[in-house]
Amino acid sequence: MKKILLVPVALALVVILCACTNHTAGVAEWAKTVTAEDIYAAKAWRMYPTDRFDELEADEIKELVELINSLDSEDFEYNKQNAGTTPEYGVEIQASTGMVGICQGRELDISYAGKQFWIDSPELNDFLIEKSGWEPTPVWDGTITPTDIP
């Protein structure tokens, strides 16, 4: 009888442990420990009004690292479904741990170790907008008609 109960109890424990797994621990640890020396290169990019990729200078990488280091584990949320939008700006980071991408998304999206996370950081978002030169995509306001197009 004890053996029969052991299997369901073991399965329940596995389910509970999986549900309680902290998916953000790895990315949060990277964010706290990455240094400017760990970053080989970083490019800010945007898709509008024209595609643009700008290599960040050493002082800009230091500022980027300071913003990343200021993030707490609560600033990350695991994006289990990899849900998102088509980003218009971001930064590609070539680090000693591999390629890390941070871009516009629901808030900000980060790709780290093959997983997607959302980041809540208005300061980091402002930095990416400034360095990428991004401008919001214009929204059609109904003032241009087909007869206005040559």
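- To the nearest 0.5 Å, atoms CG (Asp54) and CZ (Arg46) are separated by 8.0 Å.
- Using modelled atom types, no side-chain atom of Lys43 and backbone atom of Ile93 make a donor-acceptor pair closer than 3.5 Å.
- Taking CG of Asp38 as the reference point, atom CD1 of Ile68 lies at 10.5 Å (rounded to 0.5 Å).
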Going through the checks in order, is the side chain to side chain contact (heavy atoms under 4.5 Å, CB included) test met by Val100 and Val34? CA-CA 11 Å; Val100 177; Val34 69; over 6 Å; no
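- Counting non-hydrogen atoms of neighbouring residues, nucleotides and ligands closer than 6.0 angstrom, the NZ atom of Lys62 reaches no more than 12 such neighbours.
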In sequence, state the C-alpha distance, the side-chain angles, and the governing distance for Asp72 and Lys32, and then conclude on side chain to side chain contact (heavy atoms under 4.5 Å, CB included). CA-CA 8 Å; Asp72 293 318; Lys32 283 292 181 201; 3.2 Å; yes
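- In this structure, CD1 on Ile129 lies 10.0 Å from CG on Leu124, to the nearest 0.5 angstrom.
- In plain terms, the two heavy atoms of Leu108 and Leu128 that are nearest each other are CD2-CD1, 3.9 Å.
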How far apart are the C-alpha atoms of Lys131 and Leu56, what are their side-chain angles, what is the distance that settles it, and do they pass the side chain to side chain contact (heavy atoms under 4.5 Å, CB included) test? CA-CA 8 Å; Lys131 299 306 172 188; Leu56 295 183; 4.1 Å; yes
With a 3.5 Å cut-off and sequence neighbours excluded, list the donor-acceptor pairs that the side chains of residues 109-116 form with protein atoms.
from	atom 1	to	atom 2	distance (Å)
Asp109	OD1	Trp118	NE1	3.2
Ser111	OG	Gln116	OE1	2.4

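- Closest approach of Glu88 to Trp45, counting heavy atoms only: C-CZ3, 3.7 Å.
- Taking every heavy atom of both residues into account, Asp75 and Ser70 meet most closely at OD2-O, 4.3 Å.
- Nearest heavy-atom pair, Ala31 versus Asn69, reported as atom, atom and distance to 0.1 Å: O-ND2, 2.7 Å.
- Applying the side-chain hydrogen bond (donor to acceptor under 3.5 Å, both in side chains) rule to pairs touching residues 89-100 yields Trp30-Thr97, Tyr89-Asn125, sequence neighbours excluded.
- When all heavy atoms of Ser121 and Leu71 are compared, the closest pair comes out as CB-CD2, 3.6 Å.
- The CD atom of Glu60 lies 6.0 Å from the CZ atom of Phe127; values are rounded to the nearest 0.5 Å.
- Here the closest heavy-atom approach between residue Glu123 and residue Leu67 is recorded as CB-CD2, 3.8 Å.
- Distance check: Thr35 OG1 to Glu66 CD gives 12.0 Å after rounding to the nearest 0.5 Å.
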